[in-house]
Amino acid sequence: METLILSANQKAFKTPNNTKSLYEMCTQQHNIYRKVRSALSYLMWAELLWLIFNWISPWKLWSDANTLIVCTLPWLILFFLIRYFKRKWEEEGNASIGCLYTSTWMTIPFIIVVQLFYLWISPPFDNSKEIVYEDTHYRVTIVYGFLATNTDFIQIDEVFGPFHREVYQSERYGIDTKKLNSTTAIEAFLKQQKQ
C-alpha cells in the first residue's frame, strides 16, 4: 500500500512539471513564430517601398532584385491577407469575409502560373536581349522582336554601380552596334542623336 501511495505521489508531483515544460515549449514556439512574422512583415514593407522607389526614380536596379521581389512579395501579401481574413472571420462570423478567406487560398495556383511565366520571359531564360557592349559607364543592348516580323531595338543604359538608367532607345535599323565599343564612341553617338 505504501508503494502505491508513493507512486501516486510521484505521479502527482510529476504532472505539474510536465505541464510547466509543455507551457514553456508552447511559449517558445509562439515567440519564434512572432519573430518570424515580424521579420516577414518588415521584408514585405521593404519590398513595397523598393517597388515604389523603382517606379518613381529614373534609376533602376538590374533585374535580379526585381526577380527576387516578384517571387517573394505575392506570397508575403497572401500570407498576411489570409491571417487577417481568418481573424476577422473568427471574430465576426461574417459570410462575406469567409468567402474572401476562401478566395485568397484559391489564388495560389494563379500566383504560381504568373510567376512561372515571368521567370520564363526573364533572364536567364529570355533570349530576346543581347548585350553587345558594357563598361563602367554604359551598357549597349539589342532587344530582338518577339516575332520575326517585329522590329529590333537598340537600348543604351547609363550605369552607376548596380543601378542603370535608360538614356537612348530606338529602332536598330541603320545603326552599326559594332562601332559602339567604347565610352567615347557611345557619348559621341548620343550627342549626334540629340542634334
Side-chain angles (χ1 to χ4, degrees), residues 18-131 134 139 141-147 150 152-153 155-167 169:
N18 292 337
T19 306
K20 185 178 180 181
S21 62
L22 181 63
Y23 173 76
E24 290 177 350
M25 186 171 61
C26 292
T27 304
Q28 289 176 355
Q29 289 179 352
H30 178 71
N31 290 336
I32 293 172
Y33 172 73
R34 188 171 55 187
K35 290 178 181 178
V36 171
R37 188 182 62 199
S38 299
L40 291 176
S41 177
Y42 289 133
L43 179 62
M44 182 185 71
W45 286 111
E47 290 185 355
L48 286 172
L49 289 174
W50 171 251
L51 285 178
I52 294 172
F53 168 79
N54 209 23
W55 179 57
I56 295 174
S57 173
W59 289 91
K60 312 295 181 186
L61 192 68
W62 294 120
S63 58
D64 294 339
N66 295 333
T67 303
L68 178 64
I69 290 175
V70 167
C71 291
T72 58
L73 185 59
W75 297 109
L76 292 173
I77 295 175
L78 185 67
F79 169 74
F80 286 104
L81 279 177
I82 287 175
R83 288 188 67 255
Y84 175 76
F85 289 142
K86 182 181 180 181
R87 187 175 70 249
K88 282 291 182 180
W89 190 23
E90 291 175 349
E91 291 175 355
E92 301 178 9
N94 194 331
S96 60
I97 297 177
C99 290
L100 287 173
Y101 174 70
T102 305
S103 299
T104 51
W105 282 104
M106 293 173 63
T107 57
I108 291 177
F110 175 74
I111 293 174
I112 293 174
V113 170
V114 171
Q115 288 185 338
L116 289 175
F117 177 75
Y118 177 81
L119 291 174
W120 180 60
I121 64 172
S122 63
F125 305 103
D126 182 22
N127 296 322
S128 64
K129 293 183 178 181
E130 179 187 357
I131 299 172
E134 182 178 14
R139 171 184 279 191
T141 308
I142 297 175
V143 183
Y144 296 104
F146 187 71
L147 300 173
N150 293 126
D152 297 341
F153 285 85
Q155 178 179 319
I156 301 177
D157 293 305
E158 185 180 359
V159 179
F160 183 75
F163 295 91
H164 68 100
R165 178 173 65 97
E166 183 182 301
V167 293
Q169 183 173 355

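A quick note: this is a predicted structure, and the numbers were derived from the prediction, not measured.
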Gln169: side-chain hydrogen bond (donor to acceptor under 3.5 Å, both in side chains) partners, not counting sequence neighbours: none
Pairs involving residues 100-115, ordered by first then second residue, that meet salt bridge (Lys or Arg N to Asp or Glu O under 4.0 Å) (sequence neighbours left out): none
Phe160: partners by ring pair (Phe, Tyr, Trp, His ring centres under 6.0 Å), with sequence neighbours left out: none
Spacing of Leu81 atom CG and Leu100 atom CG [to the nearest 0.5 Å]: 9.5 Å
Test side-chain hydrogen bond (donor to acceptor under 3.5 Å, both in side chains) applied to Thr72 - qualifying residues, sequence neighbours left out: Glu47
Side chain to side chain, Ile108 and Trp75, heavy atoms closer than 4.5 Å: yes
Rounded distance (nearest 0.5 Å) linking atom CG of Leu78 with atom OG1 of Thr107: 4.5 Å
Phe79 side chain near Thr104 side chain, heavy-atom distance below 4.5 Å: no
Cys71 backbone acceptor or donor facing Gln115 side chain under 3.5 Å: yes
Pairs where residues 92-101 contributes a residue and the test side-chain hydrogen bond (donor to acceptor under 3.5 Å, both in side chains) is met, not counting sequence neighbours: Asn94-Ser96, Tyr101-Trp105
Nearest-0.5 Å distance that lies between atom CD1 in Ile82 and atom OG1 in Thr102: 10.0 Å
Nearest-0.5 Å distance, CZ of residue Arg139 to CD1 of residue Ile156: 13.0 Å
Nearest-0.5 Å distance, CD of residue Gln155 to NE2 of residue His164: 8.0 Å
Residue pairs passing the side-chain hydrogen bond (donor to acceptor under 3.5 Å, both in side chains) test where at least one lies in residues 77-90, sequence neighbours excluded: Tyr33-Arg83
Leu73 and Met44, any side-chain heavy atoms less than 4.5 Å apart: yes
